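Heads up: the structure comes next, in structure tokens.
Because the structure is a prediction, the values reported are computed rather than measured.
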Amino acid sequence: MVSRVIPVDPFDLVIFGATGDLARRKILPALYRRDLAGQLPDEARIIGTARAALDDDTWQGEIRHAILEHVPADRIESAALERFLARLGYVRLDATGEDGWQRLASLIRPGVVQAYYFSVGPGLFGDLARGLHRHGMNREGCRIVVEKPFGHDLGSARALNATLAAHFDEQQIYRIDHYLGKETVQNLMAVRFGNMLFEPLWNAQYVDHIQITVAEMVGVAGRGGYYDKSGAMRDMVQNHMMQLLCLIAMEPPYAFEPDAVRDEKLKVIRALDAVEPGDIVRGQYAAGNGQAGYAEDAAIPSSRTETFIALKAHVSNWRWKGTPFYLRTGKRLRARTSEIAITFKDPPHSIFGEQEGQKSNVLVIRLQPNEGIKLKVTIKEPGPGGMRLIEVPLDMSFAQALGPGAEDIADAYERLIMDVIRGNQTLFMRGDEVEAAWAWTDPVIAAWEARADRPKPYDPGSSGPEDALMLMHRDGRRWREIRP
Ligand code: NAP
């Protein structure tokens with residue numbers, strides 16, 4: 001199945017931080033792929049900026065390399081690549097000074113969509129907002145795209161929101177959480193609200209518990225300086241996992257429109273109970289299998305930063321009272337996988353008597369790898385041996401179900417950048433949502449910072465520390481296995 005491509009309006013997209021890792025690895029390859037798919041109109045232009053002294057030609061050359069490195073070879077078409085590179089211009093600019101701003105302002109065309117992507121360290125977001133204002137580029141209808149992390153705690157997120165709000169309306173601010181751009185994450189909403197099948201069962205009466213797992217195999221080597229100030233709670237739970245939890249738990253919005261969806265997500269965050277200290281396990285990967293441990297990777301021997309978190313959260317509202325949400329994320333785990341598993345309650349009475357094969361229904365939504373949805377159901381074991389039950393999966397891999405052309409489905413950055421150009425904020429976080437998420441996260445972090453205990457060490461390639469297993473065992477439940 002080939003997805004339908006509707007070209008966007010002509011635009012000027014300015015990328016601040018154009019020589020950085022994110023721009024080279026994600027943003028520009030994503031734009032190339034959209035161009036290849038025919039979504040960029042002839043008049044679309046991309047202006048890169050950074051302090052490095054480059055001209056248009058050298059930057060185009062760098063981006064040619066970046067695209068050849070980060071886009072699969074079968075997606076490279078030389079005519080399309082040349083057409084894309086011809087759209088790129090470069091302006092040398094210092095976010096903290098005056099260099100380059102006037103030149104940039106002179107290049108922005110009236111009458112096209114104007115978007116400014118802040119792909120620089122968060123310490124520069126305020127400078128960029130002020131710079132755009134000072135040089136008259138915060139025109140009505142323009143958009144700014146703000147990367148993560150959005151603040152370090154509630155106070156800094158509020159301050160950043162206030163700085164941006166001084167120069168831009170909320171409708172102009174696109175706070176990126178790339179998880180929201182993933183195909184399966186949006187499918188979560190399609191599954192819930194586009195079918196009659198699940199929604200009547202989607203509550204504490206029928207759902208026993210929900211597990212959300214985001215597991216990585218990589219450690220932090222090379223990024224230790226950044227990561228050590230963050231840890232898994234700030235890096236993964238406050239943003240990505242919180243967004244997944246919201247999409248699972250929220251009430252049906254009245255329409256798939258930005259504020260309708262975001263209002264419902266905000267209500268979920270506000271309904272979250274404070275996490276009990278006994279309901280959270282922090283871990284840090286140890287050395288093993290010939291690989292360094294976290295302390296060595298981060299070059300901070302005494303670090304108390306967690307690279308793993310498992311916690312139990314409760315959403316206190318009519319729909320979910322009594323159904324726990326178990327969240328787990330970590331680095332250097334057994335496999336790279338992200339999934340949401342909704343485990344339904346057992347039937348109230350088994351007419352087949354006690355049977356090993358009768359298991360709870362589980363709906364598994366896999367975000368990566370191999371995006372898809374699986375429903376585990378109980379059926380009769382085939383054959384004449386009486387009524388014996390077995391569990392089988394109804395398995396739908398999107399790649400298989402959608403057939404040839406599925407590889408053309410846009411990745412998260414492609415979709416999100418096109419949404420910015422189209423002016424659709426549905427998949428971006430609103431300021432109050434981000435603040436509410438920090439308001440829930442801050443006390444958890446403050447509580448363990450006040451204690452002197454260290455995160456529990458865990459073996460690389462494992463499922464995390466033993467205590468995380470106990471978090472579920474003591475509730476009579478088990479984590480799903482982490483496997484590719
Ligand atoms: P990076 O590799 O360190 O790049 C930073 C960019 O900012 C460079 O182009 C740098 O170029 C430019 N820059 C630095 N100081 C500047 C100044 N005073 N004025 C103008 N430009 C300046 O960082 P990154 O990894 O691309 O990350 C960018 C943002 O995305 C960060 O907020 C990060 O948290 C977020 N993010 C990154 C990733 C990722 O995978 N990399 C993932 C999620 C979010 P010059 O030094 O030449 O000026």
Taking the six-membered ring where the residue is Trp, are the ring centres of His209 and Phe325 under 6.0 Å apart? no
When the aromatic ring centroids of Phe344 and Tyr206 are compared, is their separation below 6.0 Å? no
Working to the nearest 0.5 Å, report the span between [atom1] of [X] and [atom2] of [Y].
| X | Y | atom1 | atom2 | answer |
| --- | --- | --- | --- | --- |
| Leu188 | Ile373 | CG | CD1 | 7.5 Å |
| Asp442 | His152 | CG | NE2 | 9.0 Å |
| His240 | Leu245 | NE2 | CG | 14.5 Å |
| Arg270 | Trp440 | CZ | CH2 | 15.5 Å |

query: What do the steps show when you test Tyr32 against Ile27 for side chain to side chain contact (heavy atoms under 4.5 Å, CB included), and what is the final call?
result: CA-CA 9 Å; Tyr32 161 73; Ile27 302 172; over 6 Å; no
Would you say [X] and [Y] make side-chain contact, with heavy atoms under 4.5 Å?
| X | Y | value |
| --- | --- | --- |
| Arg483 | Arg334 | no |
| Val281 | Leu311 | no |
| Gln114 | Arg139 | yes |
| His314 | Val275 | no |
| Leu22 | Tyr117 | yes |
| Trp448 | Glu306 | yes |
| Leu247 | Val185 | yes |
| Arg192 | Met189 | no |

List the atom of [X], the atom of [Y], and the distance in Å for their closest heavy-atom pair.
| X | Y | answer |
| --- | --- | --- |
| Arg319 | Pro252 | NH2-CD, 3.6 Å |
| Met241 | Ile212 | CE-O, 3.4 Å |
| Lys345 | Ala204 | NZ-O, 2.8 Å |
| Phe168 | Cys142 | CE2-SG, 3.8 Å |
| Ala95 | Asp127 | O-CB, 3.5 Å |
| Ile176 | Glu147 | CG2-OE2, 3.8 Å |

For Arg134, look at atom CZ and say whether over 12 heavy atoms of other residues, nucleotides or ligands are found less than 6.0 Å away. yes
Margin query: Can you confirm whether Arg422 is buried at CZ, in the sense that more than 12 heavy atoms of other residues, nucleotides or ligands lie under 6.0 Å from that atom?
Written below: yes
Cationic N near anionic O, under 4.0 Å, [X] to [Y]:
| X | Y | value |
| --- | --- | --- |
| Glu481 | Arg328 | no |
| Lys26 | Asp21 | no |
| Arg474 | Asp279 | yes |
| Asp259 | Arg430 | yes |
| Glu339 | Arg366 | no |
| Glu216 | Lys331 | yes |
| Arg304 | Glu449 | no |
| Asp411 | Arg33 | no |

Exercise for review: Using the six-membered ring wherever Trp is involved, compare the ring planes of Phe118 and Phe16 and label them parallel, tilted or perpendicular (cut-offs 30° and 60°).
Suggested key: perpendicular
His135 and Trp101 aromatic ring geometry - parallel, tilted or perpendicular at 30°/60° bounds:
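The rings of Trp101 and His135 lie parallel, inter-plane angle below 30°.
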Main-chain N/O of [Y] paired with [X] side-chain donor or acceptor, under 3.5 Å:
| X | Y | value |
| --- | --- | --- |
| Arg454 | Ser303 | yes |
| Gln39 | Ile6 | yes |
| Tyr227 | Ala232 | yes |
| Arg282 | Ile280 | no |
| Thr163 | Gly126 | no |
| Asn195 | Val191 | yes |
| Arg175 | Met429 | yes |
| Asp153 | Ser156 | yes |
| Glu296 | Gly293 | no |
| Trp479 | Ala468 | yes |

- Go through the steps for Asp208 and Thr323 under the test side chain to side chain contact (heavy atoms under 4.5 Å, CB included), then give the verdict. CA-CA 6 Å; Asp208 178 71; Thr323 295; over 6 Å; no
| request: State whether Tyr179 and Lys182 meet the cation-pi test: NZ (Lys) or CZ (Arg) under 6.0 Å from the six-membered ring centroid, and within 45° of the perpendicular axis. | output: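 Pair Lys182/Tyr179 counts as cation-pi.
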Any side-chain donor near an acceptor of the partner, [X] and [Y], under 3.5 Å:
| X | Y | answer |
| --- | --- | --- |
| Glu371 | Thr184 | yes |
| Tyr294 | Arg332 | no |
| Glu433 | Gln243 | yes |
| Asn138 | His133 | yes |
| Asp297 | Tyr285 | yes |

Could you walk me through whether Tyr458 and Phe308 pass the ring pair (Phe, Tyr, Trp, His ring centres under 6.0 Å) check?
CA-CA 9 Å; Tyr458 60 92; Phe308 175 97; 5.5 Å; yes
Is there a salt bridge (Lys or Arg N to Asp or Glu O under 4.0 Å) between Asp432 and Arg262 once you walk through the steps? CA-CA 9 Å; Asp432 51 2; Arg262 299 184 302 176; over 6 Å; no
Open item on the list: Assess the residue pair Lys267 and Glu251 against the criterion (salt bridge (Lys or Arg N to Asp or Glu O under 4.0 Å)); give the C-alpha distance rounded to whole Å, side-chain angles, the decisive distance to 0.1 Å, and a yes or no.
Closed with: CA-CA 9 Å; Lys267 285 185 211 162; Glu251 296 300 315; over 6 Å; no
Audit row: Val434, Asn239, side chain to side chain contact (heavy atoms under 4.5 Å, CB included) steps and yes/no: CA-CA 8 Å; Val434 179; Asn239 39 48; over 6 Å; no
Working note: Leu244 + Ile340, criterion side chain to side chain contact (heavy atoms under 4.5 Å, CB included); need CA distance, chi angles, decisive distance, verdict. CA-CA 8 Å; Leu244 298 180; Ile340 300 164; 4.3 Å; yes
Checking Leu13, Ile108, Leu93 against Ile47 for side-chain contact (heavy atoms from CB on, under 4.5 Å), the one that qualifies is Ile108
